[in-house]
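Take a look at the structure below.
For clarity, every value in this text was computed on a predicted model and none was experimentally measured. Along the sequence shown, the residues carry numbers beginning at 1.
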Amino acid sequence: MPIQQLPNHLINQIAAGEVVERPASVVKELVENSLDAGANSVHIDIQAGGQKLIRIRDNGGGIGRDELALALSRHATSKISSLDDLEAVASLGFRGEALPSIASVARLTLCSATADSDSAWQVEADNGVVSEPRPAAHPQGTTVEVHDLFYNTPARRRFLRTERTEFGHIEKWIRRLALSRQDVAFTLTHNRRSVMQLPAARTDEDRLQRIARICGEAFAEQAVSLSHETEGVALAGWIGLPTYNRSQPDMQYWFVNGRSISDRTLSHAARHAYRDVLFHGRYPAYVLSITMDPATVDANAHPAKHEVRFRDGRRVHGIVTQSVEAALSETRPGGHAAVPAPMPHSQPQMQRVMPLPGAVRETLAAYQAFSAQGSAAAVEINREPSQIPPLGYALAQIGGVYVLAENATGLVIVDMHAAHERILYEKLKAGFEDKAVVRQPLLVPTSVAVAQSEADIVERSAGVFENLGLIIDRTGPTSLVIREVPALLRNADAESLLRDVLADLSQAGESNRVEDMCHDFLATMACHHSVRANRMLSVEEMNALLREMEVTDRADQCNHGRPTWTAITMTELDKLFLRGQ
């Protein structure tokens, strides 16, 4: 065939293939337009999973009569006018492709009124043909109705799933948009039945209530707020305590400058921050928003704007990891208001029984004098609550496993092995991180064959590998030689370690593989040298353990993610024994 210019309608349908994947794509694009128009209330009406009708109504700024038809033409937008605007775009929708693409595969009606107009105006688009504007009755704002999606592209329609499945995707996007813009009220109906009503959240209490409505009460009760700003990057939101975790990463929400996105760099950073407080195979839950200079993030990296590209991904990765780690370090008794909850059913790692080493006795002895006073205070009924520490004072030991203590609110139960394991691990980590990585030369250097692109990464990132304790030489276009490894990992498989680090650098631009493996080794040391089950402790030793927990970061979980303590309030105890009834 000779080269020819495609007709506009076909061009729009090709664009629709990128922008309009399913009804949920239409809802996302139209609601984002409403938010860009300054709306603080958005109504979404859906019929038949979006295949029959999608209606979006808002109270935003509206569209003037002369701009209605222009809004349905390709590459027409009010959000950018120059290359500078494109490189620092701050709005959600800016390509100018959504409305004409939708109009090319559905019957669309656009009705809008501005604040200074005498009446509203309306246009219809059918099969890409746009009508002349005509007067209509409509308050300030815009309503877009999309009828019979993919009616003229039956092949696309056949790829749609069931009504229930398609509406599930719509609901998912509304939840994401409602999390990103908590100042906006959202109403969602399906087949004339109300599904979601979210009033605008303006106070911290309202925002937490919206989080509970969308993510569940359990998450809201076990989430802590995070707010941190450094180097022009602000990170804010809620992170779930490690005791609230999931079997899959289905409750991880990222927003960059208000845009809901999926990003491997951010996900990797958060996963690394949770690395030693979760069971293997479990995933954290969080709702996090990043605000930064729009010029430092490319929002034009994906046709549907699901992804972004950071100018300095490594810096963003570091900021996210450090911020989340700092918040998680407060997960110790008294550090956060939330009380640890029972873990989901999961098998903990088996522990070998070992005698209590002398080093542990030395640690406990340092607190003996203070604990002796505390043990006597445990029986004082009229003790001032403000003088009682978060974990209270030890009363007894049960089953050779648990320490029972009394605090200001009731009964505290501590898993003594899990608690002491975390204490030792944090001390070992502090000693490891305060010193430079000690390297161990290999007796026989290991040769590794890699792809040329991977060899290029090693050559470009020689400083990074050296900081990780890896000394690697490039001996050819696709060959590397490992000469030194971290001393703690001298018995590890050097080739597998290198390949894992290269995979991390290729995927996320950052690798914590060596650090994680060293921490795993330290965690094993802490596990093997912590106080064991059936080891009887004195009251002084038990109190020393409680005081250590209160000053140890992440003391709410052991190194494997198991909770170290729980509490039962006096009110809960009274209910168990029907007191006051």
Quick one: [atom1] on [X] to [atom2] on [Y], what's the gap to the nearest 0.5 Å?
X	Y	atom1	atom2	answer
Thr475	Leu480	OG1	CG	6.5 Å
Met416	Thr564	CE	OG1	13.5 Å
Lys172	Lys28	NZ	NZ	11.0 Å
Asn245	Gln557	CG	CD	9.5 Å
Glu307	Thr265	CD	OG1	10.5 Å
Thr446	Leu498	OG1	CG	9.5 Å

Evaluate the side-chain proximity of [Y] to [X]: yes if any heavy-atom separation is below 4.5 Å, no if none is.
X	Y	result
Ile471	Glu466	yes
Ile319	Ile290	no
Met292	Phe310	yes
Ser262	His306	no
Leu470	Leu497	yes
Glu426	Glu548	no
Tyr253	Ile211	no
Arg246	Phe219	no

Evaluate whether atom [atom1] of [X] has more than 12 neighbouring non-hydrogen atoms of other residues, nucleotides or ligands under 6.0 angstrom away.
X	atom1	value
Arg309	CZ	no
Leu578	CG	yes
Gln209	CD	no

On a heavy-atom basis, which atom in [X] and which in [Y] lie closest, and how many Å separate them?
X	Y	result
Tyr393	Leu546	C-CD1, 4.2 Å
Pro242	Val277	CB-O, 3.3 Å
Leu328	Ala273	CD1-O, 3.5 Å
Ala90	Pro294	CB-CG, 4.2 Å
Leu411	Ala405	CD1-O, 3.5 Å
Ser329	Arg332	O-NH1, 3.3 Å

Judged by atom type as modelled, is there a donor-acceptor pair below 3.5 Å linking the side chain of [X] to the main-chain atoms of [Y]?
X	Y	result
His228	Ser323	no
Asp293	Thr296	no
Arg259	Leu92	yes
Arg422	Arg554	yes
Asn407	Pro390	yes
Arg311	Ala295	yes
Ser227	Ala236	no
Arg275	His272	yes
Ser180	Leu177	yes

If you measure from the Lys or Arg side-chain nitrogens to the Asp or Glu carboxylate oxygens, is any gap between [X] and [Y] under 4.0 Å?
X	Y	value
Arg207	Glu205	no
Asp456	Arg474	yes
Glu541	Arg535	no
Glu550	Arg547	yes

**Request:** Step by step, work out the side chain to side chain contact (heavy atoms under 4.5 Å, CB included) result for Lys429 and Asp276.
**Result:** CA-CA 11 Å; Lys429 275 202 308 183; Asp276 58 5; 2.9 Å; yes
**Message:** Could you go through Arg562 and His417, starting from their C-alpha distance and side-chain angles, then the distance that decides it, and tell me whether this counts as side chain to side chain contact (heavy atoms under 4.5 Å, CB included)?
**Reply:** CA-CA 11 Å; Arg562 293 194 297 114; His417 170 74; 4.1 Å; yes
**Complete:** Sorted by chain and number, sequence neighbours left out, ring-ring contact (aromatic ring centres under 6.0 Å, His included) with Tyr286 holds for Trp254
**Request:** Take Leu404 and Gln397 through the side chain to side chain contact (heavy atoms under 4.5 Å, CB included) test and state the conclusion after the steps.
**Result:** CA-CA 6 Å; Leu404 304 184; Gln397 190 177 3; over 6 Å; no
**Listed partners of Arg499 passing salt bridge (charged side-chain N to carboxylate O under 4.0 Å, His left out), at least two apart** =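 Arg499: salt bridge (charged side-chain N to carboxylate O under 4.0 Å, His left out) contacts with Glu495.
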**Message:** Can you list everything that forms a salt bridge (charged side-chain N to carboxylate O under 4.0 Å, His left out) with Asp183? Sequence neighbours excluded, please.
**Reply:** Arg181
**Prompt:** Hey, mind stepping through Tyr283 and Leu278 against side chain to side chain contact (heavy atoms under 4.5 Å, CB included) and telling me if it holds?
**Reply:** CA-CA 7 Å; Tyr283 295 90; Leu278 286 183; 5.8 Å; no
